[in-house]
Amino acid sequence: MDAVGDPTIRELWVMKSAQVGWTEILNNVVGFHVDQDPAPMLMVQPTLEMAEAWSKDRLAPMVRDTPCLRDRIADPKARDSGNTLLHKKFTGGHLTIAGANSPAGLASRPIRVVLFDEVDRYPASAGTEGDPISLGKKRTATFWNRKVLAGSTPTVKGSSRIEAGFDASDQRFYFVPCTQCGAMQRLVWAQVRWPEGTPEAAVYVCQHCGAELDERDKREMLIHGEWRASRPSNGIAGFHISELYSPWSTWAEMAVAFLQAKRFPETLQTWINTALGECWEDKGETLEPTGLARRREAYTKASLPGGVTLLTVGTDVQDDRIEVFVYGWGADEEAWLVEHVVLRGDPGQPQVWAEHDEVLKRRYRTDAGRELVIEAACVDSGGHYTEAVYRYCAARKRFRVWAIKGRGGPGQLVWPRRPGRAAKLRVDVWLIGVDTIKDVIYGRLKKVTEPGPGCFHFCADADESFFEQLASETLVHRMVQGRRVRMWKPRTSGARQEALDGTVYAYAAMVGRGGRDLLARRASLAVAFANLPAEENEPGASEARSEPKHDDPPHPLLPPKPARKAAPVRRGGWMNRLRRS
């Protein structure tokens, strides 16, 4: 905030973690330029929806509760106030609030102060206009005292906007003194230590004297700390701050979160980005089919491992066939390939879809005697026979047979909050984050090789072609409109990818069905089943004890259970007694 008022600094780049007060800094900068130094301002959020949320949830309460701001910015409900949700006027200036995905909000106005929030979540281009940061900065060209402030938690090394901005700056870090020896130092994660198995006892170890510092020392260290630049000033100030400095988070809490996050590559990446404020170094996710094939196990579809508690299907539609991939899921998203079924025929005709129904009706049994049925299926509608897929899924919507389309690009949700709509047939279409899922799958296939959380298991029936298709893509980096972007591409031209696509769709179906929370509940039920007396745990001992045991409706496409006879209705009341008399 001091640097915002420094006339020698024209740009500020803040590479940060969560829980360090960044949103409050943005609020204070806006309030300062409304009250003390009026200027035309532009606030850019990653999306238009997030821009509206910031205006309603952050800006509006600040203006309402701060008298000097309330007197300058009129209530938007007042007549002729000139204020809207995304545009605020005040004496000497105005504030425009825009989404990085909306080119209209980034153009047409001269701006002196531009605030970019969470820049690593911005799209590569604002519509067809180009990089949103470049568009916003161009608005400041006519001001000698222009100011650009950008901040974000980083993402992947080499393609992170905030990393690039910080690298071009004077790179300032916050140095704090040791309360024992007084030596100044940056707080780094390597110095947080704890006894084996007790992360809640974590302390910070001084790099110079080895003293063990706890949370009682942190406040004193922060008060007497100072920012130090690593490079000569060039008019661009850069700041790096991590959760290690946060007064709202403890080192012990960070240690506990780290141990939970390190189980999966994707959650470890999130922790490094959001807790340490550092980029995740992506070393490539190329897989070798032969290495995967050696991981085949002895189980078959006739007797699944006891850890399987949920079955889902990913269906890939081709011109002359439908390929169905059945996956089993257990606690912490441990996965088992159950079977791969190829249904030959014209997907434009009903016969092949009738065969697909028969696959969805199949029952499976674990080696512990629990019976399982397929509970959700994702059918690709983005390529071949789209209308046939729509009609098939529309008729089975209540059975959790979902029409899906892949949505590429970083940061996309695995499973959207709500479906899209195919207007012609009025069919729900779920847009799944295929690149996000591939990051998860390839990361786990490469780094998780021991049975347990996130591990992928493959049945003995899987052939060599399956593994070639599963490893058919590789992660590459391309320059898109001047920005380095990571994307998934086939390793060779014309390579078949059905196994990878089917695995992606089955994973999406698992998330859509309930994800990790559902799997955790199922795992506890499986343990209870395994602990039953031996005579009660035999196959067929009790239909009521068959897995899954939950309150969901019966499995789709299976014959419904006979309805219970309704209890006789007893009619009471003085009117009915009068009628009977």
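In this text the structure is predicted, and so the values were computed from the model without any measurement.
- Every residue meeting the salt bridge (charged side-chain N to carboxylate O under 4.0 Å, His left out) condition with R516, not counting sequence neighbours, appears here in chain and number order: E333.
- At a threshold of 4.0 Å, the pair D380-K405 does not count as salt-bridged, since none of the basic side-chain nitrogens sits closer than that to a carboxylate oxygen.
- Rounding to the nearest 0.5 Å places OG1 of T267 at 9.5 Å from CG of D332.
- Judged as a salt bridge (charged side-chain N to carboxylate O under 4.0 Å, His left out), and not counting sequence neighbours, E355 has no contacts.
- Between E387 and R391, at least one side-chain nitrogen of the basic residue sits less than 4.0 Å from a carboxylate oxygen of the acidic one, meeting the salt-bridge criterion.
- In terms of the salt bridge (charged side-chain N to carboxylate O under 4.0 Å, His left out) criterion, E278 has no residue partners (sequence neighbours excluded).
- By the side chain to side chain contact (heavy atoms under 4.5 Å, CB included) test, T503 pairs with Y327, I441, F456, L470, sequence neighbours left out.
- Judged by distance alone, the side chain of Y245 and the main-chain N or O of L187 form a donor-acceptor pair under 3.5 Å.
- In this structure, F166 and F173 have perpendicular ring planes: the angle between them is above 60°, well past the 30° mark.
- When all heavy atoms are compared, the tightest approach of P289 to L287 is CD-O, 3.8 Å.
- Between E266 and K447 there is no salt bridge, since none of the side-chain N atoms of the basic residue sits less than 4.0 Å from a carboxylate O of the acidic one.
- In this model, a donor atom of one side chain and an acceptor atom of the other lie less than 3.5 Å apart for W488 and D439.
- Annotation: side chain to side chain donor-acceptor pair (under 3.5 Å) contacts of W402 (sequence neighbours excluded): none.
- No donor-acceptor distance shorter than 3.5 angstrom exists from the side chain of R496 to the backbone of Q469, with no hydrogens or angles considered.
- Atom CD of E212 has 12 or fewer heavy atoms from other residues, nucleotides or ligands within 6.0 Å.
- Judged as a side chain to side chain donor-acceptor pair (under 3.5 Å), and not counting sequence neighbours, E468 has no contacts.
- Every side chain to side chain contact (heavy atoms under 4.5 Å, CB included) that K262 has, sequence neighbours left out, goes to F258, L259, L268.
- Side-chain atoms of D320 and Q318 form no donor-acceptor pair, as typed in the model, at a separation below 3.5 Å.
- In this structure, F116 and Y122 have perpendicular ring planes: the angle between them is above 60°, well past the 30° mark.
- Between E118 and K16 there is a salt bridge, with a side-chain nitrogen of the basic residue lying less than 4.0 Å from a carboxylate oxygen of the acidic one.
- Residues that satisfy the salt bridge (charged side-chain N to carboxylate O under 4.0 Å, His left out) test with E215, not counting sequence neighbours, are K218.
- With sequence neighbours left out, the side chain to side chain donor-acceptor pair (under 3.5 Å) criterion links D319 to H384.
- Applying the side chain to side chain contact (heavy atoms under 4.5 Å, CB included) rule to T270 yields the partners T274; only residues at least two apart in sequence or on another chain are considered.
- Residues meeting the side chain to side chain donor-acceptor pair (under 3.5 Å) test with D463, sequence neighbours left out: none.
- Qualifying side chain to side chain contact (heavy atoms under 4.5 Å, CB included) partners for V414, counting only residues two or more places apart in sequence or in other chains: T436, I437, Y507, V511.
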